[in-house]
Structures are given as C-alpha cells and as structure tokens.
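Notes for the one structure printed next.
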Amino acid sequence: MVKRSPLDDKGTSQIAWARYRRLMRGMTIVSFLAVVGALSWLRWSLGDALTIHMIIATAAGIGLSVMLGAALMGLVFLSSGSGHDESIEDPFEDDPDLKP
C-alpha cells in the first residue's frame, strides 16, 4: 500500500508551494542581478566589441542557468521540507545485500 504524502493535504500543499513561489521570486531578482553584473563586466572589459548577439546570449545563458538551478533546488527543498521524502517506501529496505 502506498503511503500518503503530506503534499496530498491541501493546507500543507498550499504552504509548501507558496514557499516555493517565494523562493523563485527571490531567485528571479538574483538572476537579474547576475545578468546585469555580467553584462556590466563585459561592457567594461570589451568596450565597443560587445555586440547585441553577445548581450542576448549572455543574458539568456546566465539568466536561464540561474533560474534552472533555482527551480531544481527549490523542488528538492519542497520535497524535503514538506515531508514528502519520508512518505516514499524503500523497495530495498529488506535486501540483505545492502545492509552494512
């Protein structure tokens, strides 16, 4: 029988997802600041050699990388913080080969 996850409860789920959205809003600001910082440094170091294509590639690369990392880590925090990780059954729990 499958155990119930705490995320199945509406109240716990709403709190967990609200915390996830708050984390993502904060990381959006961090991502924006990282893009601005990188573009500022490129402008300072390259001067007029900074093209629009490099600006777009830098903004997309840095911005999306930071947001992807934040989204994945946020889901790890959501799963762990809500107790969802503890509700999973271990199929290898009784396997004698895995005992120390």
Side-chain angles (χ1 to χ4, degrees):
M1 183 170 162
V2 178
K3 297 179 187 176
R4 278 185 51 85
S5 169
L7 288 176
D8 292 337
D9 178 43
K10 187 171 176 78
T12 304
S13 178
Q14 286 177 341
I15 291 169
W17 284 110
R19 193 170 55 188
Y20 179 77
R21 284 189 295 274
R22 188 173 57 242
L23 172 85
M24 291 304 293
R25 279 193 300 269
M27 288 307 294
T28 301
I29 295 168
V30 170
S31 177
F32 178 75
L33 293 174
V35 168
V36 169
L39 289 176
S40 298
W41 182 80
L42 284 174
R43 178 70 177 158
W44 176 79
S45 63
L46 295 177
D48 290 337
L50 184 64
T51 63
I52 187 68
H53 300 96
M54 190 180 295
I55 292 171
I56 293 170
T58 301
I62 292 175
L64 293 176
S65 294
V66 171
M67 290 307 294
L68 177 63
L72 293 175
M73 286 306 298
L75 289 172
V76 169
F77 296 149
L78 172 90
S79 177
S80 175
S82 66
H84 181 72
D85 290 348
E86 287 79 25
S87 69
I88 304 300
E89 288 187 34
D90 184 9
F92 301 109
E93 185 175 35
D94 299 326
D95 192 350
D97 294 334
L98 297 177
K99 298 284 183 192

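Fair warning: this is a prediction, and the values are worked out from it, not measured in the lab.
- Rounding to the nearest 0.5 angstrom, the gap separating the CD1 atom in I55 from the CG atom in L50 is 4.0 Å.
- For residues 52-75, there are no salt bridge (Lys or Arg N to Asp or Glu O under 4.0 Å) pairs, not counting sequence neighbours.
- Listed by first then second residue, pairs satisfying salt bridge (Lys or Arg N to Asp or Glu O under 4.0 Å) with a partner in residues 32-41 number zero, not counting sequence neighbours.
- Residue L68 shares its hydrophobic cluster (ILVMFWY side chains chained together at separations under 4.5 Å) with L72.
- For residues 18-45, the set of pairs meeting the salt bridge (Lys or Arg N to Asp or Glu O under 4.0 Å) definition, not counting sequence neighbours, comprises R43-D48.
- Not counting sequence neighbours, the partners of A38 by the side-chain contact (heavy atoms from CB on, under 4.5 Å) test are T58, I62.
- Transitive grouping of hydrophobic side chains (ILVMFWY, heavy atoms separated by less than 4.5 Å) keeps V66 and V36 in distinct clusters.
- In this structure, the side-chain contact (heavy atoms from CB on, under 4.5 Å) partners of L75, at least two apart in sequence or on a different chain, are W17, Y20, L78.
- Under a hydrophobic-cluster definition in which Ile, Leu, Val, Met, Phe, Trp and Tyr are linked whenever side-chain heavy atoms come within less than 4.5 Å, directly or via other members, W41 and M54 are assigned to the same cluster.
- Under the 4.5 Å side-chain heavy-atom criterion for Ile, Leu, Val, Met, Phe, Trp and Tyr, L39 and W44 are members of the same hydrophobic cluster.
- Here the side chain of S65 pairs a donor or acceptor atom with the backbone of G61 at under 3.5 angstrom.
- The shortest heavy-atom contact between M67 and M27 is SD-O, 3.7 Å.
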